[in-house]
Amino acid sequence: MSKIIKVGMADLKVVKYPDALTTLGLGSCIGICLYDPVTKVTGLAHIMLPSSKAIRKNSNEAKFADTGTVKLIKEMKKLGADPKRMVCKIAGGAQMFAFSSGNDTMKIGARNAIAVKEIMKSLSIPLKANETGGNFGRTIEFYSEDGRLLIKTIGHGEKVL
């Protein structure tokens, strides 16, 4: 019997088949979904910010793309996953609020998406699917059976990646 494990904001979890993972309310945050198709080990991190280096209170590794990704891979390896086989899917990275200034610092969603893509490239983990941007929230479910990512939105329907 499978379970759907909830991943909170600035949190990460790892499961093995037949369990699945879900996170709610991705706005500017990104859901990083990693999957090893051989072992069916599945990981999900709900990151809030692109980098831990610019923040003083950075002890929560799951909060940041740079440290959260490393920790997620480490936890997946404990369950038998091999980073060489991993694939990645991401969702979120919206711009939830409009700002009158053109300051890129406030574009956290876009900065998160760029950071995650760069990290995956540096780790040689292929980004198989990307559903980021826009100005709406997303709830995602990530299935260990086949690495399927279900994205639910209000007003924009559902999509499977």
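Atoms considered below: every heavy atom in the structure, side chains included; atoms not considered: hydrogens, waters and symmetry mates.
A distance of 10.5 Å separates CG of Leu21 from CG of Leu149, quoted to the nearest 0.5 Å. A distance of 8.0 Å separates OG1 in Thr67 from NZ in Lys53, rounded to the nearest 0.5 Å. A distance of 10.5 Å separates CD1 of Ile5 from OG1 of Thr22, quoted to the nearest 0.5 Å. If you take OG1 on Thr153 and CZ on Arg138, they are separated by 8.0 Å, rounding to the nearest 0.5 Å. The CD1 atom of Ile119 sits 13.5 Å away from atom NZ of Lys121, with the distance rounded to the nearest 0.5 Å. Summarising the geometry, atom CG belonging to Asn60 is positioned 7.5 Å from atom CG belonging to Asp11; distances are rounded to the nearest 0.5 Å.
Under a 4.0 Å N-O distance rule, the pair Asp146/Arg148 qualifies as a salt bridge. Using a 4.0 Å cut-off between a side-chain N of Lys or Arg and a carboxylate O of Asp or Glu, Lys78 and Glu75 qualify as a salt bridge.
Using bins of under 30°, 30° to 60° and over 60° for the plane-to-plane angle, the ring pair Tyr35/Phe142 lands in the perpendicular bin.
You'll find the side chain of Lys152 stays beyond 4.5 Å of the side chain of Leu24, heavy atoms only. For the pair Val38/Asp82, no side-chain contact is recorded, criterion being any heavy-atom separation below 4.5 Å from C-beta on. Between Ile125 and Met120 there is a side-chain heavy-atom pair separated by less than 4.5 Å. Looking at Ile140 and Glu131, their side chains never come closer than 4.5 Å, going by heavy atoms from C-beta outward. Considering only heavy atoms from C-beta on, Ser52 stays 4.5 Å or farther from Lys63 through its side chain. In this structure, the side chains of Cys33 and Thr42 stay at 4.5 Å or more apart for every pair of heavy atoms. For the pair Thr39 and Arg85, the minimum side-chain heavy-atom distance is below 4.5 Å. Contact of the Val116 side chain with the Thr69 side chain is not registered, since no non-hydrogen atoms from C-beta on lie closer than 4.5 Å.
Scanning all heavy atoms of the two residues, the minimum distance from Cys88 to Leu34 falls at CB-CD2, 3.6 Å. Closest of all the heavy-atom pairs between Ile55 and Ser51 is CG1-O, 3.9 Å. Here the closest heavy-atom approach between residue Ala65 and residue Ala115 is recorded as CB-CB, 4.3 Å. Glu145 and Lys40 get closest at one heavy-atom pair: O-NZ, 2.8 Å. Residues Pro83 and Ile73 share a closest heavy-atom pair of CG-CG2, 3.8 Å. Considering every non-hydrogen atom in both His46 and Gly8, the closest pair reads CB-O, 3.3 Å.
No path of Ile, Leu, Val, Met, Phe, Trp and Tyr side chains, each step under 4.5 Å between heavy atoms, connects Val70 with Phe64, placing them in separate hydrophobic clusters. Leu123 and Ile114 sit in two unconnected hydrophobic clusters of ILVMFWY residues. Membership requires side-chain heavy atoms under 4.5 Å apart, directly or through other members. Taking hydrophobic clusters as Ile, Leu, Val, Met, Phe, Trp and Tyr residues chained together by side-chain heavy-atom distances below 4.5 Å, Leu72 does not share a cluster with Tyr17. Linking ILVMFWY side-chain heavy atoms closer than 4.5 Å, directly or via other members, places Leu49 and Ile47 in two distinct hydrophobic clusters. Put simply, Ile32 and Val15 are part of two different groups of oily side chains (I, L, V, M, F, W, Y) that touch within less than 4.5 Å, one to the next.
In this structure, Lys89 contributes its side chain and Leu161 its backbone to a donor-acceptor pair below 3.5 Å. Without hydrogens or angle criteria, Asn112 side chain to Met48 main chain gives a donor-acceptor distance under 3.5 Å.
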### Task
Might you work through the side-chain contact (heavy atoms from CB on, under 4.5 Å) test for Val41 and Lys16, ending with a clear yes or no?
CA-CA 4 Å; Val41 173; Lys16 207 169 185 177; 4.0 Å; yes
